[in-house]
Amino acid sequence: MKQKNEQIHTTRLLTYLLIGLIGVLGLVCLYYGSSVAPGSRRYDDTDSRLDGSDPVFGGFSRNRDLVDLLDEQGYYLEVPKSIPICDMKYSELIPCLDRNLIYQLKLKPNLTVMEHYERHCPPPERRYNCLIPPPKGYKIPIRWPASRDEVWKANIPHTHLAEEKSDQHWMVVDGEKIKFPGGGTHFHYGADKYIVGLAQMLKFPGDKLNNGGHIRNVLDVGCGVASFGAYLLHHDIIAMSLAPNDVHENQIQFALERGIPSTLGVLGTKRLPYPSRSFELAHCSRCRIDWLQRDGILLLELDRLLRPGGYFAYSSPEAYEQDPENRKIWNAMYSLLKRMCWKVVAKRGQTVMWSKPLSNSCYLKRDPGTLPPLCNSSDDQDASWNVSMKACITPYSARMHKERWSGLLPWPQRLTAAPPRLEEIGVSSEEFHEDTKIWHFRVIEYWKQMKSVIQKNSIRNVMDMNSNLGGFATALKDKDVWVMNVASVKMSARLKIIYDRGLIGTVHDWCEAFSTYPRTYDLLHAWAVFSEIKERGCSPEDFLIEMDRILRPDGFVIIRDKHSVINYIQKFITALRWDGWLSEVEPRTDALTGGEERVLIARKKLWTDGFMTISLR
């Protein structure tokens with residue numbers, strides 16, 4: 001009897017095992033069946049490649065429902081066994097600013113309004129699915145502050161600007177290095193002297209352009225290699241240095257290699273990805289922008305971005321040349337800005353300084369029908385992601401229009417003070433201060449984890465990929481770094497708080513590639529970003545490859561997310577060559593913790609094009 005019972009028990013066990021195996025096979029079939037469905041992207045899908053010899057196009061495909069099911073049960077799908085290396089011709093690829101893509105997709109952008117310099121992202125089936133290689137001879141970048149004045153030529157092997165701008169002292173080739181004397185088109189004798197001159201024009205105390213901390217955020221359009229922004233840092237002023245990926249190729253790449261806050265962008269048809277009233281000063285030094293086009297729409301975009309009483313420093317031939325053509329342009333520009341209620345506050349040499357009004361009173365006194373009109377009261381002044389510019393004046397709200405600089409404290413007090421616009425996003429001052437305290441502690445813990453591998457000044461360019469209220473960047477205030485704070489489209493209303501704290505940032509959708517060159521950031525901080533893009537149905541694998549594109553060799557990623565997310569990312573670490581150093585911990589729970597979290601910190605290795613493929617062990 002006992003033997004018979006054992007036989008029955010064994011038979012039942014085998015039956016259960018067989019049923020379990022059938023179930024697993026069914027799930028596998030479901031996964032592979034859906035992953036080859038029309039419109040899906042497979043890692044080895046040769047049909048999605050533009051070049052049949054290189055497996056660089058396409059992406060990773062996963063059945064989302066299956067992944068969620070396996071995540072809950074603690075199982076993870078197998079990741080690709082290798083990640084190919086892109087061809088060397090893609091070493092400076094910016095996927096959403098790739099003009100070759102415009103030609104391949106047969107798009108027809110309007111060249112007269114700079115649409116070809118705006119973002120045009122590849123469709124899912126044409127996204128690059130390979131690691132961007134560094135150029136031949138690439139070296140770990142020179143550390144800040146020495147990098148302000150020199151970079152390795154091998155890292156950005158372009159000398160065109162040095163030849164074209166040799167008389168303006170933009171940059172000089174010196175053996176293995178490219179050096180930056182600090183000159184510009186309208187400041188041949190150095191940006192430092194030019195900055196002092198601007199302060200003298202405005203009669204600021206001590207010839208200091210920061211005006212006791214009241215001038216903090218600057219927008220420099222058509223910035224070249226960002227020497228103006230580089231020398232502003234000494235004055236406790238941070239500039240968003242902006243230029244397109246145009247004929248002056250690689251100017252922003254040079255700026256970021258130098259460790260200067262900067263980004264790719266253009267005044268074209270879309271609003272710049274910044275909230276209203278973000279800057280105390282806008283600057284254009286021979287920026288070659290037609291400010292009169294389309295009823296002054298580009299000047300009206302500057303008007304949206306300037307704070308009450310903000311300045312526009314304009315250095316251009318129209319401001320000082322006396323020939324008929326330049327006089328005609330100056331008169332038209334003067335007339336337009338007068339109708340916008342701007343005033344000339346200073347004019348000297350090659351530069352004129354305009355000032356934006358402090359209130360709506362001037363607008364209300366204009367004759368009926370005066371152009372440009374006021375924007376509709378229903379218009380969201382802060383909406384900026386993929387929003388078309390409007391040829392209208394952005395009026396102040398009844399609550400905010402009477403205070404110069406939007407009622408902000410001077411720098412550095414504004415960094416930790418609760419700004420008035422918190423109420424617009426429904427955050428109390430108590431919540432704001434609690435957020436600041438939490439991030440102060442979190443950053444201390446991050447640095448404790450990395451203390452054995454961080455060297456002095458090895459981190460300069462930092463990106464917070466989910467900036468919230470700017471607490472992470474604020475916690476880095478005593479380190480010699482700058483932070484690009486990135487707000488998701490869903491949380492873009494919070495970006496105004498970033499600027500009100502005296503920081504800089506941008507709106508971005510992480511389902512798309514970021515507008516920067518490869519190898520431009522030393523540290524990427526991703527708090528709950530993977531969970532968000534997964535919820536939206538976007539590919540976390542595509543995001544990993546995008547992070548790798550942006551990250552410099554020897555740079556760090558700090559990923560804070562759910563257990564399941566961290567476990568999945570761990571499987572890619574070796575294939576991404578992010579195993580130069582690795583740490584994973586379970587952090588302490590705080591008021592911002594959303595369920596169980598883990599912190600993964602990894603360091604990217606320097607590798608060369610000798611790695612044809614990188615196997616996953």
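For the pair R148 and F180, the cation-pi criterion (under 6.0 Å, within 45° of the ring axis) is not fulfilled. Annotation: cation-pi geometry not satisfied between R549 and Y90 (NZ/CZ under 6.0 angstrom from ring centroid, within 45° of ring axis). Both tests do not hold together for K604 against W578: distance to the six-membered ring centre under 6.0 Å, angle to the ring axis within 45°. The side-chain tip of R603 does not point at the ring of W581 from less than 6.0 angstrom away and within 45° of straight on.
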So D382 and R277, salt bridge (charged side-chain N to carboxylate O under 4.0 Å, His left out) or not? Walk me through it.
CA-CA 9 Å; D382 298 324; R277 307 196 303 278; 5.8 Å; no
Trace of the side-chain contact (heavy atoms from CB on, under 4.5 Å) decision for W527 with M465:
CA-CA 7 Å; W527 169 47; M465 308 178 102; over 6 Å; no
Pair L267, E301 - check side-chain contact (heavy atoms from CB on, under 4.5 Å), show working.
CA-CA 8 Å; L267 283 165; E301 174 64 358; 3.9 Å; yes
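Here the side chains of M484 and V462 are not in contact, with every heavy-atom distance at 4.5 Å or above. Contact annotation: the side chain of K477 approaches that of L415 to within less than 4.5 Å [non-hydrogen atoms, C-beta and beyond]. Side-chain contact between I601 and M450 is present, with at least one heavy-atom pair separated by less than 4.5 Å. Side chains of N386 and K270 form a contact here, defined as non-hydrogen atoms less than 4.5 Å apart. No side-chain heavy atom of T516 sits under 4.5 Å from any side-chain heavy atom of I94. In this structure, the side chains of M240 and V218 stay at 4.5 Å or more apart for every pair of heavy atoms.
Residue pairs meeting the disulfide (SG to SG under 2.5 Å) criterion with at least one member in residues 410-450: none, sequence neighbours excluded. Residue pairs meeting the ring-ring contact (aromatic ring centres under 6.0 Å, His included) criterion with at least one partner in residues 455-485, sequence neighbours excluded, are F472-H525, W482-Y521.
Between E445 and K448, at least one side-chain nitrogen of the basic residue sits less than 4.0 Å from a carboxylate oxygen of the acidic one, meeting the salt-bridge criterion. Ionic pairing of D579 and K605 is present here: one or more N-O contacts between side-chain nitrogen and carboxylate oxygen are shorter than 4.0 angstrom. Between R421 and D500 there is a salt bridge, with a side-chain nitrogen of the basic residue lying less than 4.0 Å from a carboxylate oxygen of the acidic one. Using a 4.0 Å cut-off between a side-chain N of Lys or Arg and a carboxylate O of Asp or Glu, R258 and E150 do not qualify as a salt bridge.
Counting all heavy atoms, side chain and backbone alike, P518 lies closest to S91 at CG-O, 3.5 Å. Heavy atoms only, all atoms of each residue included: L101 and P95 are closest at CD2-O, 4.1 Å. Closest approach of Q449 and V599 over heavy atoms only: OE1-CG1, 3.9 Å. Across every non-hydrogen atom of S278 and N217, the tightest pair is O-ND2, 3.3 Å. Scanning both residues, P261 and I504, for their nearest heavy atoms gives CB-CD1, 3.8 Å. Contact detail for I260 and G229: the closest heavy-atom pair is CG2-C, 4.2 Å.
Between T593 and D590, the side chains place a donor N or O and an acceptor N or O closer than 3.5 Å (distance only, hydrogens not considered).
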Quick one: side chains of residues 432-439, donor-acceptor pairs under 3.5 Å with protein atoms, not counting sequence neighbours, listed by atom name and distance.
from : atom 1 : to   : atom 2 : distance (Å)
D435 : OD1    : N468 : ND2    : 3.2
T436 : OG1    : F432 : O      : 3.2
T436 : OG1    : R501 : NH2    : 3.1

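The aromatic ring centres of W411 and H214 sit 6.0 Å or more apart. If you look at Y499 and F279, their ring centroids are closer than 6.0 Å.
The main-chain N or O of E532 is never found under 3.5 Å from a side-chain atom of E535 such that the two would form a donor-acceptor pair.
Atom OG in S276 sits 6.5 Å away from atom NZ in K496 (nearest 0.5 Å). Within the model, atoms CG of L281 and CD1 of I237 stand 7.5 Å from one another, a figure rounded to the nearest 0.5 Å. Rounded to the nearest 0.5 Å, atoms CE (M547) and CH2 (W510) are 8.0 Å apart. Atom CD of E597 sits about 5.0 Å away from atom CZ of R560, to the nearest 0.5 Å.
Take R598 and apply the side-chain hydrogen bond (donor to acceptor under 3.5 Å, both in side chains) test, not counting sequence neighbours, and it matches E584, E586. Remark: E257 engages N155 in a side-chain hydrogen bond (donor to acceptor under 3.5 Å, both in side chains) (not counting sequence neighbours). For E280, the salt bridge (charged side-chain N to carboxylate O under 4.0 Å, His left out) test picks out R307, R414, with sequence neighbours left out.
Only one option out of L524, N466, V565 pairs with V529 in a side chain to side chain contact (heavy atoms under 4.5 Å, CB included); it is N466.
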